[in-house]
Structure formats: structure tokens, C-alpha cells
2 protein chains.
Amino acid sequence: MRTQNYSRKRQAIYELLMSTDTHPAADWIYNTLKPKYPDLSLGTVYRNLKVLEENHMVRSVAVVNGCERYDARMSQHSHFVCRRCGKVEDMFHKEDMSELLRCVTIAKDHDVESYNLIFYGHCSECLSAE
Amino acid sequence: MRTQNYSRKRQAIYELLMSTDTHPAADWIYNTLKPKYPDLSLGTVYRNLKVLEENHMVRSVAVVNGCERYDARMSQHSHFVCRRCGKVEDMFHKEDMSELLRCVTIAKDHDVESYNLIFYGHCSECLSAE
DNA sequence: CGAAAATTAATAATTATTACTCTTTTCAGT
DNA sequence: ACTGAAAAGAGTAATAATTATTAATTTTCG
């Protein structure tokens, strides 16, 4: 059986995502890896993000200004999106969020696999800049 | 001072959104109103959705398959998105969700204005179809 | 090594959304 | 009701993120 990440570029994309907490878009990943991988193609970044997503190694955490933003930290946590600068920040949970499921009426015949909680507002930098 | 002129098309878009719980995309709104307003333009739908959004009469609740989905019910509630058919359903809260805010670490210097909670999974129709 | 399968670069195509230009509608003040 | 300026719209072109295609390269593994 073939291993999952046998391509250097896929590995590089994954490791870059693991090493940052900026929740970048495909475009940023492409530009960041380009110097080290001069023949990298943007299509490769998109395709690998999809492959990694299917393998639950990466997830899309938000769409900001029409751009999908990715995160390789799969432990359950939420995000804050700045409406002004588009920055995406982590928001870690104080306690188990399964609590959350008790707060909403869930149809019993639905198969709820995951959830995504996003907070919107203005980040500290943008607040002080105004 | 003149703020906004009354427009019957904007009104129609708003009323259509109020009358449905399917959380439609711009495209669906356009096709639904087209028979009654034969000269309606898709650009008009997009522009008015943005105007209504700025006036807090409408909000985007999710992006499904690259399409923004809208809701005119502004009372706080969450949504379920079916990963298979893309359906967006309402999930009303059993209790006050301000409780929710206590579960995450919120940086004090951030101005959190709103949040969006989306559940993902498979709806009952898609489950029984498999 | 060598063949089969997976991956990629480069490019073309797709598609949701926005911008633009000119026309039409709306409405406050007459 | 009439008018003129502001707002809104139609129709079309443009934008930009993402996806599909295809031929070439790389990787895997017997």
C-alpha cells in the first residue's frame, strides 16, 4: 500500500501549514514555498489542499474575502475573523465543546459530523488603528 | 437627507428571503423572481443582497460549494449544512447562546461583534438515499 | 533497472461575483 | 402633479478564485 505523503511538495505544503497559525489561503502558501520550490505550481497547492482535506489532515476554517483559509491543527478550536484586515486568529476552548451540542436542537435523523464556530469583529491592531 | 430610495425589486428580494427557510444563493433568488420581474438582472440581486446585509436585514450564513447562502431571519440561530446535497437547515437554540462565549478564550482587546455556528454532516434525505 | 501509478507544471476553462455605462425610477421640494 | 438630482437598474464586460486538462516528470515497488 502506498503511503499518504510520498510527494515532497505535498509534504512541504502540509509542514508549512503545521508551522503557522495565520490560517493562510492557497495563494500565500504558493508564494511562501515558491522560493524553495521554484517550479511549484498554484494548481498543485490547490489539489494538495483538497487531498489533505479529504484525509482529515487539513481543514478549511473560513472564507475571507472570497478566499478559503486553511488550518492543519485538527484539534477542535474556533476562530476569530477580523472584518477589517481579514486576519484569522485561533480561539481555544476553555472546556469541552461537546457541551455546545446540547445548546441546539438537533434533528435526530441528522448525522452531525463536525461544526465550525467563527467569531467576527475587529482585531486589536485594527481597533487601535481607527 | 436622502438615504435609500424605495425600490420594489429590493423589496421583492427581501420578502422572498423572508418567506423561505432554504437559505438560498443569489442565483436561486434571481431565477425565482425572474418570472414575476422579467427584466430583473442578476447584478441587481447581488447588489441588493449587499445593501440589505449592510443594513443588517440579511446575513450570509454559509458558503456552500463556493456559493454564498443568505438568510433574512436575523434572530440568533445556527445552521446545519449537508455535505452531500448542500442543503442548509435552521438549528434553533434551546437556550441563550451567550453561554457560548464563556467557553472560549477571548482576547480582551478584541471587539467581538457576532459569531456564526455551522454544523456539518448528512441530512436525513441523503442518509436514507445511501 | 523498469513499468505502472501517482504527481506535477503549465495552461485553459469555469464560475461566482463585481464593475461599468447608460437608462430608468424614485421622491423631496416646489 | 412637476422637476431635477440622487438612487437604482439592465445589460454587459471584467475580475479573480478555483478547477479541469494534458503532456511530462517523479515515485513506488517488484
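Just so you know, these numbers come straight off a predicted model, no measurement behind them. First the proteins, then the strands, lettered A, B, ... as listed; each starts at 1.
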### Rounded distance in Å - CG (B:Asp27) to C1' (C:dT17)
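In whole Å, C:dT17 C1' lies 12 Å from B:Asp27 CG.
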### Summary
Atom CZ of A:Arg8 and atom C1' of C:dA9 are separated, to the nearest Å, by 17 Å
[X] side-chain N/O to [N] phosphate OP1/OP2 under 4.0 Å:
X: B:Lys9; N: D:dA10; result: yes
X: A:Tyr46; N: D:dT19; result: no
X: B:Asn48; N: D:dG9; result: yes
X: B:Ser7; N: D:dA7; result: no
X: B:Arg10; N: D:dA8; result: yes
X: A:Arg47; N: C:dT8; result: yes
X: A:Ser41; N: C:dT8; result: no

### Query
Are any of the side-chain heavy atoms of B:Cys85 and B:Glu125 separated by less than 4.5 Å?
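Result no, sub-4.5 Å side-chain heavy-atom pair not found.
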### Query
For atom CG of A:Asp39, is the number of surrounding heavy atoms from other residues, nucleotides or ligands below 6.0 Å larger than 12?
yes
#### Entry: A:Asp111 with B:Arg83: basic N within carboxylate O range, under 4.0 Å
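No.
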### Task
Sort and list the pairs that fulfil ring-ring contact (aromatic ring centres under 6.0 Å, His included) and have at least one residue in residues 7-42 of chain B, not counting sequence neighbours.
B:His23-B:His79
### Task
Return the nearest nucleotide to the side chain of A:Thr44; candidates are C:dA9, D:dA20, D:dA10.
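So the nucleotide nearest the side chain must be C:dA9.
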### Proximal nucleotide (of D:dT18, C:dT18, D:dA10) relative to the A:Leu42 side chain
D:dT18
